[in-house]
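Values below: every heavy atom of this structure, side chains too, minus hydrogens, waters and symmetry copies. Computed from a prediction, not measured in an experiment: that's the story for all the values here.
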Amino acid sequence: MILDGKVTSKALLQEIAQEVGRLTGPTKPKLVAVLVGENPASEIYVARKMKVADELGILSELHRFPAHTEEAFLKEELEKLNQDTSVNAVLVQLPLPKQIHTERVLQTILPEKDVDGFHPINMGQLLLGIEPPALPCTPAGIMKLLDAYKIDVSGLNACVVGRSNIVGKPIMLMLTQRNATVTLCHSKTRNLEAVLESSDLVVAAIGQAHLISGNTLKRGCIVVDVGINRLPSGQLVGDVDFESAREKAAFITPVPGGVGPMTIAMLMMNTLRLHQVQQGIQVKNWLL
Ligand code: GUN
């Protein structure tokens with residue numbers, strides 16, 4: 001069975017749009033995206049985020065800076081957004097140019113405006129099992145997608161492949177919170193195949209085309225493919241070989257149309273939540 005992120009995210013976006021429409025207060029939720037440089041993939045992602053926000057009635061602004069921007073200057077700009085009470089949610093699109101220290105920049109955003117959930121305080125809350133107002137969007141989108149298909153991960157052996165701060169580490173924590181037994185694998189893992197063979201749930205977030213094929217998967221497993229890789233032919237593929245994996249898996253996400261659309265939907269949900277928290281409106285629908 002295909003875990004359809006397109007259909008699931010569409011329903012979610014409709015709910016969010018309705019909630020935005022029902023807001024009666026003096027302000028609408030406002031999201032600011034900060035883009036440094038001209039990374040072509042980032043350009044596409046950010047443009048999509050701004051477009052979806054617009055469609056939902058969420059105010060949005062793109063703040064662009066040249067590739068040679070200095071870290072100190074970028075931090076000053078983020079401080080201004082922290083001070084600006086009309087702004088509820090701030091994201092810095094990653095990756096940042098080499099001269100800029102990513103973690104130091106992410107720490108500059110106020111935790112209560114940190115729409116990606118990347119601030120150490122928000123990551124720390126997640127580690128402790130306390131749900132912050134905004135959870136990292138891609139892993140949160142994965143949990144929402146599993147929920148939409150009524151997949152209960154409690155007690156499952158879950159293998160997360162990739163240890164990034166954006167996906168691997170936070171999805172490890174979310175799955176643990178939901179009582180899965182999680183093994184975090186990465187480039188130095190010795191016998192990935194052995195781990196995969198006994199895994200009921202595989203989350204692939206490595207960024208290497210077709211690293212995982214069906215013959216290493218357990219029959220009846222659940223496969224979540226976070227990878228977006230472009231082949232020399234121009235085709236977009238995941239970290240999993242879809243055709244061979246679908247023969248073994250009970251559930252599998254396609255690329256594109258799986259995790260990607262869920263990520264954007266969760267960004268919108270996070271923006272709405274941050275606005276609610278800042279306005280003293282009660283937040284419903286906690287994820288964990
Ligand atoms: N780059 C890749 N994924 C993400 C994400 O979820 N948020 C941000 N800000 N940048 C990214």
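- With values rounded to the nearest 0.5 angstrom, E197 atom CD is found 11.0 Å from K218 atom NZ.
- No hydrogens or angles considered: a donor-acceptor pair under 3.5 Å links the side chains of S213 and N215.
- Note on V277: it does not cluster hydrophobically with L59, by side-chain heavy-atom contacts below 4.5 Å among ILVMFWY residues.
- Residues E43 and R48 are not paired through a salt bridge, judged by the lack of any N-O separation under 4.0 Å between the basic side chain and the carboxylate.
- Taking CG of L192 as the reference point, atom SG of C159 lies at 5.5 Å (rounded to 0.5 Å).
- Side-chain contact between L145 and V224 is absent, with no heavy atoms from C-beta onward closer than 4.5 Å.
- Looking at every heavy atom in both residues, D116 comes nearest to C137 through OD1-SG, 3.7 Å.
- Considering only heavy atoms from C-beta on, N157 stays 4.5 Å or farther from L201 through its side chain.
- The backbone N or O of D4 lies less than 3.5 Å from a partner atom in the side chain of Y149, making a donor-acceptor pair.
- A heavy-atom distance below 4.5 Å is not found between the side chains of Q276 and P133.
- Rounding to the nearest 0.5 angstrom, the gap separating the CG atom in L96 from the CG atom in L74 is 6.5 Å.
- The pair E79-K75 does not meet the salt-bridge criterion, since no charged nitrogen lies less than 4.0 angstrom from a carboxylate oxygen.
- The distance from atom CD1 of I130 to atom CH2 of W286, rounded to the nearest 0.5 Å, is 11.0 Å.
- In the displayed structure, R190 atom CZ is contacted under 6.0 Å by at most 12 heavy atoms of other residues, nucleotides or ligands.
- In summary, D147 and R178 engage in a salt bridge, as defined by a charged side-chain N under 4.0 Å from a carboxylate O.
- Side chains of D239 and Q208: a donor-acceptor N/O pair is absent below 3.5 angstrom, by distance only.
- L94 and M50 fall within a single hydrophobic cluster, where Ile, Leu, Val, Met, Phe, Trp and Tyr are joined by side-chain heavy atoms under 4.5 Å apart, directly or via other members.
- Put simply, I100 and F118 are part of the same group of oily side chains (I, L, V, M, F, W, Y) that touch within less than 4.5 Å, one to the next.
- Sparse packing is recorded around CD of E38, with 12 or fewer heavy atoms of other residues, nucleotides or ligands lying under 6.0 Å away.
- The hydrophobic clustering, which links ILVMFWY residues whose side-chain heavy atoms are closer than 4.5 Å, places V259 and F242 apart.
- The closest side-chain heavy-atom distance from Q107 to P120 is below 4.5 Å.
- A chain of hydrophobic side-chain contacts below 4.5 Å, direct or via other Ile, Leu, Val, Met, Phe, Trp or Tyr residues, connects I109 to M266.
- Screening residues 92-102 for side-chain hydrogen bond (donor to acceptor under 3.5 Å, both in side chains), with sequence neighbours left out, gives K49-Q93.
- The structure places CG of L156 at 7.5 Å from OG of S154, a figure rounded to the nearest 0.5 Å.
- With a 4.5 Å cut-off on side-chain heavy atoms, L78 and V105 count as touching.
- Within 6.0 Å of atom NZ in K51, 12 or fewer heavy atoms from other residues, nucleotides or ligands are found, so the atom counts as exposed in its surroundings.
- At a threshold of 4.5 Å between non-hydrogen side-chain atoms, the residues L236 and N229 do not count as touching.
- No donor-acceptor distance shorter than 3.5 angstrom exists from the side chain of H186 to the backbone of I206, with no hydrogens or angles considered.
- The distance from the CE atom of M174 to the CG atom of L135 is 4.5 Å, given to the nearest 0.5 Å.
- Side-chain contact check for V202 versus L196: some heavy-atom pair is nearer than 4.5 Å.
- Under the side-chain hydrogen bond (donor to acceptor under 3.5 Å, both in side chains) criterion, the residue pairs touching residues 253-274 are E131-R273, T138-T263, with sequence neighbours excluded.
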